[in-house]
Amino acid sequence: MAKPTIMRIHPFDADKDYEITLSWIGSRAHANRIIIYDNDTNAVVFDDTISSFALRHTIPARTLSNNHKYTIQAQTYDVENIPSPLSNKVLFYTFKTPDFYFEGLAENADITTSSFHATIRYYSEDWEDISKYVFYLYDATRKQLLESSEMTDAHDIGYTYKGLDNNTVYYVRCRGVTVNGMELDTGYVEINVKYENPNTYARIYATPNPSQGCIQVATNLIIIQYDGTDTFSYIDGMINLIDKTLYYHEGFLIENDFTLIIRGIHLWQDADIFKMSNGGSGITISSRIYPEGKLRFRLMAPNGVSNYLLYSDEQVFNNTDMVTIAVRRKNNVYQLKVFIELGDAKEGDLWYGTQRPDRHLMHDNDAWINTDGETYVVSKDLYTSYLGRSEPQDAIIDDLWFGGD
C-alpha cells in the first residue's frame with residue numbers, strides 16, 4: 001500500500017486552527033491520522049485520527065506552541081480499516097501572527113490629495129523577518145487596478161499611490177511573505193479620495209502673437225524676492241535658518257482661504273517660527289517647551305479686533321525628527337495640525353525597554369535590551385561600560401556593567 005503525502009505546510013499561528021491537506025493514491029480513504037513530534041526531542045505532542053472521506057485534518061488552536069519547530073507524519077485507513085504506511089516526515093514552523101497593517105490608515109479614511117504614501121506596520125514577537133511584499137490598488141468593486149513590483153526592503157515597508165481620481169472610492173492592500181514562508185495580508189482597506197482641485201493660481205494663460213509668430217504664456221505664479229543681505233545654505237533640500245531670519249516684504253497677497261505648510265528639523269525650542277502680516281493683523285506660529293518636557297506649537301490668528309490662540313497637541317520629538325506644521329484658513333476659521341516623522345537612530349545606539357523599537361529607527365549595529373521599563377534610546381556617546389566581577393561603584397543610570405557571578 002502506498003504512503004500518503006503531506007502537502008506543503010506554510011508556517012502558521014498555533015493559536016488558530018490550521019488544516020493539513022494530504023494526497024493519496026489508492027482505494028478511497030475512510031479515515032486519516034496525523035502524528036506531530038517536537039522536532040528537538042522527537043516526543044509525540046499530538047496523535048489524532050478522524051473518520052472522513054476528505055483528505056484533510058485540522059490541528060486545533062492552541063494544540064501546539066508558537067515559535068517552535070515540529071515534524072509531522074500521516075497515514076490513511078481504507079474501508080476495511082487497514083492503515084497505510086506512515087508518510088515521510090515533514091518539518092514545519094509555528095509563529096505568532098505578526099502585526100501587518102497600514103499604519104495610520106483607518107477604514108474609510110479620507111485621502112485629500114491625488115497621491116499618498118502608505119506605510120506598513122510590521123512587528124513579529126518571534127523575530128520572524130519579512131522577506132518580500134507587494135502593494136495593490138482596487139476600484140470600488142475590488143477589481144484590481146495596480147500591482148507594485150515585488151519589494152524586499154524590510155526597514156521601510158511603504159509605497160506611494162499616485163494618480164488617484166477625485167471623488168472616488170478605492171481599496172488598498174498589501175500582501176507579503178516572511179523568510180520562512182508565512183503569508184501576510186492586510187486585507188482590503190477602503191479609502192475615499194476627495195480633494196480640492198487647484199484654482200486660479202495653477203492656471204496657465206496662452207495668448208497668440210501672430211505678428212511675431214509665437215505664443216505668449218503667463219501664469220498666476222509669483223516669484224518673491226528675499227529682503228536682506230544674508231546668504232543662506234541648502235542642505236538636503238532644506239534652507240538652513242539656524243541663527244538667521246528670512247524676510248519677504250513684497251510680491252504676494254493672500255486674500256482668501258489658504259493652507260500653509262512648514263517642514264523642518266531642529267524645532268525643539270522656545271521661539272517664534274513664522275510670522276505673516278498684511279501690515280495690520282497677521283498670524284504667528286511659535287513654540288514653547290513646558291516644564292514636563294513636552295512642546296506645544298501655538299498659532300495666534302486675527303479675530304476681528306483681537307486675536308485668538310490655537311495650540312497643538314503635546315509633542316515629544318528629537319531635533320533630527322522632521323516636523324510638519326500645517327495651518328489652514330477656511331471661511332476665516334483656522335486649523336492647526338502637527339505631524340512628526342521620526343528620524344533614524346544613530347548607528348550603535350542602545351535601546352532599553354519592553355518592546356523592540358520599530359525597524360526604521362534601528363540600524364544593523366543598534367542593540368536592544370529588554371527590561372521592565374519604558375523603551376528609550378541611549379546614545380553610544382553618552383554611556384560608559386564596565387567589565388569586572390564586582391558591580392562598579394560610580395556607574396550612573398545609563399551605564400553598562402558586564403560581568404558578575
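Remember, it's a predicted structure, so these values are computed and weren't measured experimentally. Index from 1, following the sequence.
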Quick check for you: to the nearest 0.5 Å, what is the distance between [X] atom [atom1] and [Y] atom [atom2]?
{"X": "N209", "Y": "I215", "atom1": "CG", "atom2": "CD1", "result": "10.0 Å"}
{"X": "T58", "Y": "I34", "atom1": "OG1", "atom2": "CD1", "result": "8.5 Å"}
{"X": "N81", "Y": "T49", "atom1": "CG", "atom2": "OG1", "result": "9.0 Å"}
{"X": "I36", "Y": "L64", "atom1": "CD1", "atom2": "CG", "result": "5.0 Å"}
{"X": "I20", "Y": "M7", "atom1": "CD1", "atom2": "CE", "result": "11.5 Å"}
{"X": "R288", "Y": "Y290", "atom1": "CZ", "atom2": "OH", "result": "5.0 Å"}

Can you label the angle between the Y334 ring and the F258 ring as parallel, tilted or perpendicular, going by 30° and 60°?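 Perpendicular, since the angle between the ring planes exceeds 60°.
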
F100 vs Y122 aromatic rings, parallel, tilted or perpendicular, using cut-offs 30° and 60°? perpendicular

Say whether, by atom type as modelled, one donor and one acceptor occur between the side chain of [X] and the main chain of [Y] under 3.5 angstrom.
{"X": "T168", "Y": "V193", "answer": "no"}
{"X": "E128", "Y": "N180", "answer": "yes"}
{"X": "T76", "Y": "S84", "answer": "no"}
{"X": "S124", "Y": "P98", "answer": "no"}
{"X": "S312", "Y": "F297", "answer": "yes"}
{"X": "N240", "Y": "S233", "answer": "no"}
{"X": "Q335", "Y": "V333", "answer": "no"}
{"X": "Q75", "Y": "P85", "answer": "no"}

Considering all heavy atoms, the nearest [X]-[Y] contact:
{"X": "T63", "Y": "I59", "value": "CB-CG2, 4.2 Å"}
{"X": "D257", "Y": "N331", "value": "OD1-N, 2.8 Å"}
{"X": "S148", "Y": "L146", "value": "N-CD2, 3.9 Å"}
{"X": "D313", "Y": "Q315", "value": "O-NE2, 3.1 Å"}
{"X": "A74", "Y": "P4", "value": "O-CG, 3.4 Å"}
{"X": "S286", "Y": "D272", "value": "CB-OD1, 3.2 Å"}

Could you work out, with salt bridge (charged side-chain N to carboxylate O under 4.0 Å, His left out) as the rule, every residue matching E125, not counting sequence neighbours?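 In terms of salt bridge (charged side-chain N to carboxylate O under 4.0 Å, His left out), with neighbours along the sequence ignored, E125 is linked to no residue.
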
Hydrogens and angles aside, do [X] and [Y] bring a side-chain donor and acceptor to less than 3.5 Å of each other?
{"X": "R263", "Y": "T324", "answer": "yes"}
{"X": "Y188", "Y": "E190", "answer": "no"}
{"X": "T141", "Y": "D139", "answer": "yes"}
{"X": "H68", "Y": "D38", "answer": "yes"}
{"X": "Y138", "Y": "R173", "answer": "yes"}

With the side chain counted from C-beta on, respond yes when [X] and [Y] share a heavy-atom pair under 4.5 Å apart, and no when they do not.
{"X": "Y77", "Y": "H30", "result": "no"}
{"X": "T21", "Y": "L55", "result": "no"}
{"X": "S287", "Y": "I273", "result": "yes"}
{"X": "I262", "Y": "L267", "result": "no"}
{"X": "D126", "Y": "M182", "result": "no"}
{"X": "L22", "Y": "H57", "result": "no"}
{"X": "F274", "Y": "L260", "result": "yes"}
{"X": "L336", "Y": "L309", "result": "no"}

Counting only heavy atoms not in [X], do more than 12 fall under 6.0 Å of its [atom1]?
{"X": "E292", "atom1": "CD", "answer": "yes"}
{"X": "I25", "atom1": "CD1", "answer": "no"}
{"X": "K275", "atom1": "NZ", "answer": "no"}
{"X": "R142", "atom1": "CZ", "answer": "yes"}

Which of these, F135, F102, Y133, F116, sits in a ring pair (Phe, Tyr, Trp, His ring centres under 6.0 Å) with Y159? F135

I need the single residue from Y93, Y18, Y70, F95 that forms a ring pair (Phe, Tyr, Trp, His ring centres under 6.0 Å) with F12. Which is it?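 Going through the options one by one, the only one that passes is Y18.
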
From CA spacing to verdict: side-chain contact (heavy atoms from CB on, under 4.5 Å), N32, W24: CA-CA 10 Å; N32 66 74; W24 161 249; over 6 Å; no

Worked check of side-chain contact (heavy atoms from CB on, under 4.5 Å) between M238 and H266: CA-CA 12 Å; M238 295 185 293; H266 296 285; over 6 Å; no

Does D110 pair with K194 as a salt bridge, N-O distance under 4.0 Å?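 A salt bridge is absent here (no side-chain N lies under 4.0 Å from a carboxylate O).
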
Yes or no on salt bridge (Lys or Arg N to Asp or Glu O under 4.0 Å) for K96 and D15, after CA distance, side-chain angles and deciding distance? CA-CA 8 Å; K96 180 73 174 177; D15 290 337; 3.3 Å; yes

Assess the residue pair L184 and R175 against the criterion (side-chain contact (heavy atoms from CB on, under 4.5 Å)); give the C-alpha distance rounded to whole Å, side-chain angles, the decisive distance to 0.1 Å, and a yes or no. CA-CA 5 Å; L184 308 166; R175 301 177 67 189; over 6 Å; no

Under the criterion side-chain contact (heavy atoms from CB on, under 4.5 Å), I'd like the reasoning laid out for E183 against D185: C-alpha separation, chi angles, the key distance, then a yes or no. CA-CA 7 Å; E183 296 180 347; D185 193 341; over 6 Å; no

